[in-house]
Amino acid sequence: MAIEWGGPESGGPGGAVRALREWQDDGAPMQLHPGDLGWFWRAGARATAAAVRTWCRDGRILAVGLLDGPGLLRVTTAPDALRDEELARRLAADVTEPARGVLPAGRVAVEAPTGALVRDLLADTGWRTGEPWTPLRRDLTEPVGAPGVRIEAVGAERAVAFTAVHRAAFDGSRFTAGRWHAMATGLPYNDARCLLAYDDRGDAVAAVTVWSAGPGRPGLLEPMGVHREHRRRGHGTAITIAAAAALRELGSSSAIVCTPSSNAAAVAAYRSAGFRPCPDVRDLCRPA
């Protein structure tokens, strides 16, 4: 049967979340994770549903995309469909032709897993590679160890404190308690946890959200940030260790994260917390 594309009108993102959970595997390349949809959910359920794309054949979801901003589609496929030619050609056509409603005209980017056939097809038609990102992974077979600082699991009553640290960690952040509550209503948050780290004076200094994809599957850190007034004191390493421990408690087989390769401080913090870098990945960009 032909590939069918489902846009915003195709229903809620629940099917996409379930498919993404099933596709996570320690042997798979870095790819879209259910936690990515969970983090996007801070914009609300309606906005999340509008940003999710699915490609199906015979009723089975073969690919899931997240329009993570007006010009970036993050897409991954079922493991057995990574080199599916019919799917790859449909994906390539859908992201290339603005009239199909997947991406607008002008400069846009597509994130797809290393080894996906759609990457080859886009490169053959003139799409260029973007800036490198570094995926990092930590195995969770063995106990993680103590972070060395006080860690608090965040519930609704601490959403104001959590989002304040996030805004102090990321320039331009608009994360608020209201958006935290919207995120917490999302399906992926059923297997998520927010953590705050405190220094010796009792100040909240770092924040992280971790997303499980289910027992025996990789869990994601998205995002992790250190308050701008408390950097270079090891807090990023400490809360990353706490994040890995939380994912292990949730049954995750490993902890994964991806950061711009140019962010040397973030890469160093993850490595100090026992994460090992994997080969860099790059988006594919269509010139304006």
* Asked: Just how far is it from atom OG1 of Thr240 to atom CE of Met224, taken to the nearest 0.5 Å?
  -> 3.5 Å
* I would like to know whether Thr163 and Thr176 meet side chain to side chain donor-acceptor pair (under 3.5 Å); could you show each step before the answer? => CA-CA 5 Å; Thr163 55; Thr176 63; over 6 Å; no
* To do: Using a 4.5 Å cut-off on heavy atoms from C-beta on, say whether the side chain of Trp5 contacts that of Leu91.
  => no
* Could you walk me through whether Leu103 and Val110 pass the side-chain contact (heavy atoms from CB on, under 4.5 Å) check? -> CA-CA 9 Å; Leu103 281 169; Val110 170; 3.9 Å; yes
* Report yes if some heavy atom in the side chain of Pro188 is under 4.5 Å from a heavy atom in the side chain of His33; otherwise report no. => no
* Output the distance between atom OG1 (Thr76) and atom CG (Leu20), rounded to the nearest 0.5 Å. => 7.5 Å
* Hey, is the main chain of Ser212 close enough, under 3.5 Å, to the side chain of Ser252 for a donor-acceptor pair? -> no
* Structure fact -> Residues Ile241 and Ala273: closest non-hydrogen pair is CG1-CB, 3.7 Å
* To do: Please answer whether the main-chain N or O of Leu32 pairs with a side-chain N or O of Gln24 as donor and acceptor at a distance below 3.5 Å.
  => yes
* Does Arg57 reach the main-chain N or O of Leu87 with its side chain, forming a donor-acceptor pair under 3.5 Å? -> no
* Heavy-atom side-chain contact between Ser261 and Glu131 under 4.5 Å -> no
* Is there a donor-acceptor pair closer than 3.5 Å between any side-chain N or O of Thr96 and the backbone N or O of Ala93? -> no
* Inspect the surroundings of CZ in Arg179 and state if more than 12 heavy atoms from other residues, nucleotides or ligands are less than 6.0 Å away. => yes
* Asked: Would the number of heavy atoms belonging to other residues, nucleotides or ligands and lying under 6.0 Å from CG of Asp124 be above 12?
  -> yes
* To do: Treating Ile, Leu, Val, Met, Phe, Trp and Tyr as nodes and any side-chain heavy-atom pair under 4.5 angstrom as an edge, say whether Val64 and Leu117 lie in one connected cluster.
  => no
* Find out whether Pro287 and Arg128 are in side-chain contact, i.e. whether some heavy atom of one side chain is under 4.5 Å from a heavy atom of the other. => yes
* Within the side chain of Arg138, is there an N or O that forms a donor-acceptor pair under 3.5 Å with the backbone of Ala255? -> no
* Walk me through it: do Tyr198 and Leu196 pass the test side-chain contact (heavy atoms from CB on, under 4.5 Å)? => CA-CA 7 Å; Tyr198 293 84; Leu196 272 174; 3.5 Å; yes
* To do: Can you measure from CG (Leu121) to CZ (Arg90) and round to the nearest 0.5 angstrom?
  => 14.0 Å
* Is the distance between the ring centroids of Trp41 and His181 under 6.0 Å? -> no
* Between Trp133 and Asp283, is any side-chain donor less than 3.5 angstrom from a side-chain acceptor? -> no
* Structure fact -> Smallest heavy-atom separation, Val75 atom then Trp55 atom, equals CG2-CZ3, 4.2 Å
* Indicate the atoms forming the closest heavy-atom contact of Leu73 with Val95, along with that distance. => CD2-CG1, 3.6 Å
* If every non-hydrogen atom of Arg193 is compared with every non-hydrogen atom of Leu250, which pair is closest and at what distance? -> NH2-CD2, 3.6 Å
* Asked: CD of Glu4 to CD1 of Ile61: how many Å apart, nearest 0.5 Å?
  -> 11.5 Å
* More than 12 heavy atoms of other groups within 6.0 Å of Arg174 CZ -> no
* Asked: To the nearest 0.5 Å, what is the distance between CD (Glu142) and CZ (Arg248)?
  -> 7.0 Å
* To do: May I ask you to decide if the ring planes of Phe162 and Phe175 are parallel, tilted or perpendicular, using 30° and 60° as cut-offs?
  => perpendicular
* Asked: Checking salt bridge (Lys or Arg N to Asp or Glu O under 4.0 Å) for the pair Glu85/Arg89: CA distance, chi angles, key distance, verdict?
  -> CA-CA 6 Å; Glu85 184 172 357; Arg89 293 193 179 281; 3.0 Å; yes
* side chain to side chain donor-acceptor pair (under 3.5 Å) between Ser254 and Asp139, worked out -> CA-CA 4 Å; Ser254 63; Asp139 180 78; over 6 Å; no
* Test item: Asp203 side-chain N/O and Val205 main-chain N/O as donor-acceptor pair under 3.5 Å -> no
* Heavy-atom closest pair, residues Ala204 and His227 -> O-CD2, 4.3 Å
* Could you walk me through whether Ile239 and His235 pass the side-chain contact (heavy atoms from CB on, under 4.5 Å) check? -> CA-CA 6 Å; Ile239 200 162; His235 300 316; over 6 Å; no
* Stepwise side chain to side chain donor-acceptor pair (under 3.5 Å) check, Trp211 with Asp36 -> CA-CA 9 Å; Trp211 307 87; Asp36 293 311; over 6 Å; no
* Structure fact -> Heavy-atom nearest pair, Pro79 first then Trp23, reads CD-CD1, 3.5 Å
* Pro135: which of Val257, Val281, Thr259 passes side chain to side chain contact (heavy atoms under 4.5 Å, CB included) -> Val281
* Rounded to the nearest 0.5 Å, how far apart are CD of Glu86 and CG of Leu62? -> 8.5 Å
* To do: Carefully, step by step, assess Arg217 and Asp26 under the rule side-chain contact (heavy atoms from CB on, under 4.5 Å).
  => CA-CA 7 Å; Arg217 301 184 186 279; Asp26 287 312; over 6 Å; no
* Lys NZ or Arg CZ of Arg42 over Trp39 ring: under 6.0 Å, within 45° -> yes
* Mark yes or no for whether Arg286, through its side chain, and Gly106, through its backbone, hold a donor-acceptor pair below 3.5 Å. => yes
* Would you find a donor on one side and an acceptor on the other, under 3.5 Å apart, between the side chain of Arg119 and the backbone of Leu284? -> no
* Examine distances only and state if a side-chain atom of Arg83 and a backbone atom of Gly115 form a donor-acceptor pair shorter than 3.5 Å. => yes
* Asked: Taking ILVMFWY side chains as joined if any heavy atoms are under 4.5 angstrom apart, and letting links pass through other members, which residues group with Phe170?
  -> none
* Structure fact -> Ala265 meets the side-chain contact (heavy atoms from CB on, under 4.5 Å) criterion, sequence neighbours left out, with Asn263
* Scan for salt bridge (charged side-chain N to carboxylate O under 4.0 Å, His left out) pairs involving residues 225-246, sequence neighbours excluded, and state none if there are none. => Asp171-Arg228
* Asked: Side chain of Arg150, backbone of Ala197: donor and acceptor closer than 3.5 Å?
  -> no
* Can Val149 be reached from Val154 by stepping across I, L, V, M, F, W or Y side chains whose heavy atoms are under 4.5 Å apart? -> no
